[in-house]
Amino acid sequence: MVAQIPSEPLFFYNGEKKEKLAASKEEMLIKFSYKKEEGELNKLAEKLLNEFVQLQSLIDLVSSEDAARFSINETYSTGQDVEDLIKELLGKEEIISAYPILRWKGEDIMITNTIIMAFNPNKVDLDKSRKFIKAHNIKILEEYVFPDNTVQLLTLEKGKHTLEIANQLYELGESLYAQPNIISYAENHYTPNDDSLSTQWYLSNDGSNWNGTTDADADILEAWDITTGSPLVKVAVLELGGFDYNHVDAQISQPYDAAGNDFDPSPRNTFEIHGTAVMGCVSSKTDNLIGIAGTGFNTTVVPITIANATASGGYNLVDIGLTRAANHVVNVVNEEGIFVVSNSWGSTNVVTAARTAAFNNMLNNSRNGLGAVVLASTGNLNTNNGLRFPATHPGVLAVGASSSCDTRKSPTSCDGEDWWGSNWGDSINIMAPGVKIQTLDRSGAVGYTTTNYVPNFNGTSSACPIAAGITALVFSMDRCMTRQEVEAIICSTTDKIDTTVYNNVPNRPFGSWNRFTGYGRINAFKAVSAVNIQNTSIVANRTDNSSIIYQNQNEINVGPNYFMTGNPNIQFRSGNRIIFQPKVQSTIGSTGLITAKLLPSCINP
C-alpha cells in the first residue's frame with residue numbers, strides 16, 4: 001500500500017453509520033500546497049497536464065480547496081497505474097494530496113487531506129483523541145463552538161490516509177462524527193428561459209397577467225397593511241455563488257463567504273448571478289421610488305455564499321462551508337440573530353453527518369435557542385420525490401412553486417413556462433409563487449439582464465425566498481416566538497390550491513395535506529393575522545398629560561391594531577423598549593390611551 005491509497009474495502013463513518021465507497025480509476029482530485037488564486041491554480045493544473053501523460057484533461061477547479069479535478073488517460077487506468085500515479089504526484093513539493101474520485105450512493109464525492117470532526121465538550125474529555133491527534137501530527141485549522149457541540153477542521157500531513165485517519169478517530173468513541181471533509185456537486189433551482197416584462201403579480205393578482213386567476217397570490221399587500229416587517233428580523237440566504245450585495249436596492253447586513261472564509265461574498269465569475277435575484281425576493285429597499293418590493297419589506301438579508309461556481313459553471317459543496325455558514329448564523333450575526341434561513345439550492349444524495357449537524361445547529365441554536373425557521377426549495381424537475389437535501393432534512397420547510405393560476409407549477413400550467421415543473425413528494429410542506437418573479441439582478445452587463453433587475457426570475461429558487469420573506473413578516477409581529485410556533489402558523493394558514501384532495505395525514509400536525517402541494521400555498525395576510533397577541537392590556541389610560549413611568553424590564557409592544565392617543569410623558573428605566581408596529585395611529589392632544597402587549601424579556605436590550 002502506497003501513500004494515501006487506503007486499504008480495501010473503502011468506507012467512512014457518516015455519524016454512526018458505516019458507508020461503503022468505491023474508487024474511480026477514471027478521475028482524481030489533486031490538491032496543491034498553500035492558498036492559490038484561481039488563475040494560479042489553473043496554471044499549475046495545466047503544468048501537471050504537460051508533465052504527466054497519465055492525466056488526460058482538466059475537468060474543473062475546486063478553488064475553495066486549492067484543488068483540481070482531472071480525468072485519467074484510459075491507457076493508465078488500472079488500479080496499479082493509479083497507485084503509481086499518486087505516488088509520483090506526492091513526490092512533488094507543490095502537491096499535498098491526490099485521491100481518486102469516490103462513489104457513494106451513486107454519486108461522485110471528493111476528498112483531500114482534511115477531516116471534519118465534532119464532539120460534545122460537556123460529555124467527553126477527549127483524552128484519547130488529543131493523544132491520537134498529537135501522535136499523527138494533525139493540525140487544527142478551524143474551530144466552531146455551538147451550544148451542544150464543537151466542530152473542528154483538521155489537516156493531515158502529506159502521505160497520511162484521510163479515510164483511515166478519520167475512521168480511527170471516530171472509533172476512539174469520543175466524537176459525534178469524524179469524517180473526511182467531503183466535496184460534492186450541488187445546484188441552484190432556477191430554470192431560465194427568455195421572456196418579456198412582468199409585474200409583481202404574486203403581491204396581488206388581478207388575473208390580468210400570465211393567464212392568471214384573480215387572487216391567486218400570497219396576499220402580501222394585505223399583510224403589509226398589518227406589518228411591513230422589521231430590520232431587526234434577519235433572513236440568512238445561503239447560496240451557491242456570490243451576491244451583488246452593493247446593489248443600489250439591496251437591503252443587507254453582515255455578508256459572509258463561507259466557501260472562502262472571508263466577509264466578501266461578491267460574485268467570483270460570470271456564472272454567479274443567481275444569489276442576487278434570490279435575496280431580492282426576500283427583501284429589497286422598498287418605498288424608495290425605484291426597483292421592486294421584496295416580500296419581507298423592511299426585513300434585513302444576511303447573504304452567505306456556501307460554494308463558488310467553477311470555470312464550467314458547476315458548484316462543489318464542501319462540508320466545512322456549511323459548518324462555517326451555521327457558525328455565522330448562530331454565533332456571529334449580532335443584535336437579535338437570524339430568524340429565517342432560505343436555501344434555493346439542492347445537493348445530491350450526499351448527506352453527511354457534518355451537513356446534518358450544520359442544519360440542526362441553525363434550526364435549534366439560533367437566537368439563543370429560540371431557533372430559526374429554515375426553508376429550502378424542492379427543485380424544478382417536475383418529478384415525484386425529486387426533493388434533495390436540504391429540503392429533505394427533518395425540520396426544514398420544503399417549498400414548492402405555484403403558478404399564477406394557483407396550481408402546482410408544471411409544464412402545462414397557465415403561465416406558459418413549459419420547460420419546468422415543481423418537484424413534489426413526501427417531504428413537501430408548502431407552496432409559494434414561483435413564476436414571472438420580478439427581483440434584483442446582478443448590476444451591469446453580467447446579470448440576467450442589463451437593467452439591474454430581472455423581470456422573469458422563476459423556479460422553486462424564487463418560491464423559497466418569497467416564503468422566507470413572508471416568514472420574516474410573521475416574526476416581526478412577535479420576535480419572541482420560537483421557530484416551531486412560526487412554522488405552525490405558516491403551515492396552518494395556507495390556501496388549499498389546485499384540484500388534488502387534501503387529507504389529514506399522520507405526522508402532519510398542521511391540517512390537511514397532500515404530496516403535490518403540501519399544506520397549500522402560503523398566505524401572508526392570514527399568517528401575520530394569526531399571531532396570537534396574548535396578555536393585551538390597557539397599560540395607560542389618562543385624561544391629562546401626566547407622566548407614565550415603567551421600571552420593569554419589559555418590552556412595550558404597541559401592536560398593529562392598537563391606538564395611542566393623547567400626549568402622555570412615557571419614561572423607561574432598566575433598559576425597557578417600546579415598539580410601535582406599522583399602522584399605529586397617534587393623535588396629539590386628546591385623551592391618553594396606550595394599549596400594549598407586555599412581552600417576556602426574551603430579547604436582550
Side-chain angles (χ1 to χ4, degrees), residues 203 217-235 282-283 286 294-300 335-342 363 366-375 395 397 399 429-430 432 465-495 509-511 519-539 554-564 577-585 594-603:
L203 303 179
D217 56 67
D219 281 352
I220 295 167
L221 291 185
E222 292 88 338
W224 288 347
D225 284 335
I226 296 176
T227 177
T228 50
S230 167
L232 292 173
V233 176
K234 295 186 174 73
V235 176
V282 176
S283 181
T286 308
T295 58
F297 209 100
N298 288 319
T299 300
T300 302
E335 295 178 313
E336 296 175 19
I338 294 292
F339 289 73
V340 186
V341 181
S342 181
L363 283 161
S366 300
R367 299 190 299 134
N368 295 317
L370 291 175
V373 174
V374 181
L375 305 97
L397 294 185
V399 184
N429 294 101
I430 58 172
I466 285 173
I470 293 170
T471 304
L473 293 178
V474 175
F475 269 118
S476 75
M477 297 290 293
D478 181 349
R479 301 197 311 277
C480 289
M481 286 190 291
T482 65
R483 66 133 174 133
Q484 292 91 342
E485 289 174 322
V486 174
E487 287 168 357
I489 289 171
I490 292 295
C491 293
S492 63
T493 57
T494 55
D495 290 333
F510 305 124
Y519 290 109
R521 193 247 309 119
I522 193 168
N523 185 301
F525 174 74
K526 290 181 181 178
V528 298
S529 300
V531 177
N532 187 14
I533 307 295
Q534 299 177 355
N535 301 321
T536 299
S537 61
I538 297 176
V539 298
N554 286 316
E555 180 171 284
I556 311 303
N557 186 337
V558 181
N561 296 317
Y562 308 132
F563 299 88
M564 183 177 73
R577 293 184 293 179
I578 187 165
I579 294 177
F580 295 104
Q581 296 280 8
K583 308 303 179 183
V584 170
Q585 298 183 24
I594 298 176
T595 304
K597 174 189 174 187
L598 298 182
L599 297 173
S601 56
C602 70
I603 304 168

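Sequence positions, counted from 1, serve as the residue numbers for this chain. Note that the coordinates shown come from a computational prediction; the quantities given were computed from them, not determined experimentally.
Minimum interatomic distance between A472 and V340 (heavy atoms only, all atoms of both residues): N-CG2, 4.1 Å. Considering all non-hydrogen atoms of both residues, V235 and S342 come closest at CG1-CB, 4.4 Å.
For the pair S529 (side chain) and K526 (backbone), a donor-acceptor distance under 3.5 Å is absent. With T300 contributing its side chain and P231 its backbone, the two residues share a donor-acceptor pair below 3.5 Å. A donor-acceptor contact shorter than 3.5 Å is absent between the side chain of T228 and the backbone of W224.
By the side-chain hydrogen bond (donor to acceptor under 3.5 Å, both in side chains) test, S283 is found to be paired with Q251, residues two or more places apart in sequence or in another chain being considered. Looking at residues two or more places apart in sequence or on another chain, you find a side chain to side chain contact (heavy atoms under 4.5 Å, CB included) between S492 and F510. Remark: R367 pairs with no residue by the salt bridge (Lys or Arg N to Asp or Glu O under 4.0 Å) rule, at least two apart or across chains.
Distance CD1/I490 to OH/Y519: 13.0 Å, rounded to 0.5 Å. Within the model, atoms CG of L375 and OG1 of T471 stand 5.0 Å from one another, a figure rounded to the nearest 0.5 Å. For the atom pair CD of E485 and CG of L370, the computed distance is 8.5 Å after rounding to the nearest 0.5 Å. Note that CZ of F297 and CD1 of I470 are 14.0 Å apart. Values are rounded to the nearest 0.5 Å. Interatomic distance, CD1 of I220 versus OG1 of T295, reported as 5.5 Å (0.5 Å rounding). Distance check, rounded to the nearest 0.5 Å: CG of N298 to CG of L473 gives 9.0 Å.
Counting heavy atoms from C-beta outward, L363 and R483 have side chains that approach closer than 4.5 Å. Looking at I489 and M481, their side chains come closer than 4.5 Å, going by heavy atoms from C-beta outward. The shortest side-chain heavy-atom distance between F475 and V373 falls under the 4.5 Å cut-off.
Inspection of the T493 and N523 side chains reveals no N or O donor paired with an N or O acceptor under 3.5 Å.
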